[in-house]
S.K.: 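Okay, handing you the structure first.
Indexing begins at 1, ligand by ligand and atom by atom, following the structure's order. What you are looking at is a predicted structure, and each value in this text was computed from that prediction instead of being measured.
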Amino acid sequence: MSNTTSSLTTSPNTRILNKKTFSVLLTQTEIETKIRDLASLLNHDYADKNPILLVILNGAFRFSADLVRYINIDVEIQFLRLASYQGTESMGEIKQILGLTTPLRDRHVIILEDIVDTGLTAHQVWQDLQAQQPASLALMTLLLKPDALQMPVECTYIGFSIPNMFVVGYGLDFDQKGREWNDIYVCL
Ligand code: IMP
Ligand code: MG
């Protein structure tokens, strides 16, 4: 059996993936602190509103799982799928929303995203969900690349604004790799 006492805090500062070098941009400690703050905001803003958290898969799986550890109000959680990315360049191709089973009409809805890059995805998801006439609609994204935005996107809650660079880790992937990394790394 390998060493089971090794700490989660011993991530390397740099990693190689698909021949590209990545270095730490946000540590898991910084991420966790931010996630507690974001959860506090939801606890405050949505007390007694029983909101629906719409988790955009795959990237937001980890963010959402950690976020709800600090949620102390009643929520419902749903997972949606769509994808617009391959490799390190946005394809600009948006797919339809899959997996939505609850009517959103008159419900308070919070979209949970890992990252808003060009904003194409968030913009389309926002339009599609708004058409269902929720009582309110909000978007919480862990990461925002303000300099990459091409569409108007109203990010109600933002974890970190980051440079317009490709990032991997904490749910975000590079060709499906790196999602399990505990820190967020940036491609050098
Ligand atoms: P957008 O539509 O360009 O805003 O980005 C849509 C999706 O692309 C995000 O939800 C991510 O899944 C993915 N994405 C954007 N930027 C990055 C990145 O830097 N690393 C990994 N995935 C990214
Ligand atoms: Mg995503």
Side-chain angles (χ1 to χ4, degrees), residues 11-28 30-31 34-35 38 42 52-68 77-100 109-131 137-188:
S11 307
N13 282 326
T14 59
R15 292 180 183 259
I16 309 280
L17 193 57
N18 297 345
K19 298 184 182 162
K20 292 185 188 287
T21 306
F22 291 83
S23 74
V24 172
L25 179 69
L26 297 164
T27 66
Q28 57 184 311
E30 292 170 318
I31 296 166
K34 182 67 71 179
I35 283 175
L38 292 172
L42 294 188
I52 300 178
L53 304 183
L54 288 185
V55 181
I56 309 295
L57 295 174
N58 297 325
F61 84 96
R62 183 139 183 200
F63 168 44
S64 58
D66 284 345
L67 182 79
V68 298
I77 304 172
Q78 289 226 13
F79 299 90
L80 305 184
R81 279 200 67 102
L82 38 95
S84 68
Y85 235 70
Q86 265 176 14
T88 57
E89 278 186 66
S90 177
M91 306 299 285
E93 173 211 357
I94 309 295
K95 294 181 182 166
Q96 72 184 111
I97 297 174
L98 302 176
L100 191 59
V109 176
I110 307 157
I111 306 162
L112 296 184
E113 259 286 23
D114 52 351
I115 188 165
V116 172
D117 181 30
T118 64
L120 291 170
T121 308
H123 181 82
Q124 189 194 334
V125 169
W126 184 281
Q127 302 291 324
D128 290 358
L129 298 181
Q130 193 70 60
L137 187 57
L139 168 65
M140 175 177 278
T141 185
L142 179 63
L143 304 174
L144 170 69
K145 295 183 190 171
D147 297 336
L149 271 180
Q150 296 174 17
M151 301 292 287
V153 174
E154 191 183 323
C155 296
T156 326
Y157 305 93
I158 300 165
F160 301 94
S161 290
I162 63 169
N164 189 6
M165 298 168 82
F166 193 77
V167 290
V168 175
Y170 198 73
L172 292 127
D173 71 302
F174 178 20
D175 287 343
Q176 302 305 326
K177 295 202 175 70
R179 292 193 198 275
E180 75 282 15
W181 297 352
N182 294 314
D183 307 87
I184 293 175
Y185 288 71
V186 64
C187 187
L188 296 178

S.K.: Compute the minimum heavy-atom distance from M151 to ligand 1 and say whether it is under 4.0 Å.
M.R.: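 Distance cut 4.0 Å: M151 fails for ligand 1.
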S.K.: Heavy-atom contact under 4.0 Å between L143 and ligand 1?
M.R.: no
S.K.: With atoms numbered from 1 as shown, which atoms in ligand 1 lie under 4.0 angstrom from a non-hydrogen atom of T118?
M.R.: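 So the answer, numbered in order with elements, is 1 (P), 2 (O), 3 (O), 4 (O).
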S.K.: Check each heavy atom of E113 against ligand 1 and say whether those closer than 4.0 Å belong to the side chain, the backbone, both or neither.
M.R.: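 For E113, only side-chain atoms sit under 4.0 Å from ligand 1.
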S.K.: Distance under 4.0 Å to a non-hydrogen atom of D173: what atoms of ligand 1 satisfy this?
M.R.: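 Counting from 1, the qualifying ligand atoms are 21 (C).
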S.K.: Return the CG to CD distance between D173 and E180, rounded to the nearest 0.5 Å.
M.R.: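 Separation between the atoms: 10.5 Å.
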S.K.: Please answer whether the main-chain N or O of I162 pairs with a side-chain N or O of K145 as donor and acceptor at a distance below 3.5 Å.
M.R.: no
S.K.: Taking side chain to side chain donor-acceptor pair (under 3.5 Å) as the definition, give me every residue that meets it alongside Q127, ordered by chain and number, with sequence neighbours left out.
M.R.: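 If we apply the side chain to side chain donor-acceptor pair (under 3.5 Å) test to Q127, skipping adjacent residues, there are no hits.
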S.K.: Judged by non-hydrogen atoms, does Q150 sit under 4.0 Å from ligand 1?
M.R.: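 Q150: no contact with ligand 1 (<4.0 Å).
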S.K.: Any nitrogen or oxygen of F166, side chain or backbone, less than 3.5 Å from one on ligand 1?
M.R.: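 No, there is no polar N/O contact under 3.5 Å.
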S.K.: For D183, is there any backbone N or O sitting under 3.5 Å from a side-chain donor or acceptor partner on S11?
M.R.: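 No; judged by distance alone, with no hydrogens or angles, the pair does not exist.
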S.K.: For the aromatic rings, using the six-membered ring if either is Trp, is the centroid distance between F63 and Y170 under 6.0 Å?
M.R.: no
S.K.: Applying side chain to side chain donor-acceptor pair (under 3.5 Å), can you list everything that pairs with E30, at least two apart in sequence or on another chain?
M.R.: T27
S.K.: Within 45° of the ring axis of F174 and under 6.0 Å from its six-membered ring centre, is that where the NZ or CZ of K20 lies?
M.R.: no
S.K.: Once you restrict to heavy atoms under 4.0 Å, what part of V167 touches ligand 1? Side chain, backbone, both or neither.
M.R.: both
S.K.: Counting only nitrogen or oxygen atoms and a 3.5 angstrom limit, does G119 reach ligand 1?
M.R.: yes
S.K.: Residue-level breakdown please: for D114 versus ligand 1, do any non-hydrogen atoms fall below 4.0 Å on the side chain, on the backbone, on both, or on neither?
M.R.: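 Contact part for D114 vs ligand 1: side chain (C-beta onward).
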S.K.: Under 4.0 Å from any heavy atom of L172, which atoms of ligand 1 are there?
M.R.: 21 (C), 22 (N)
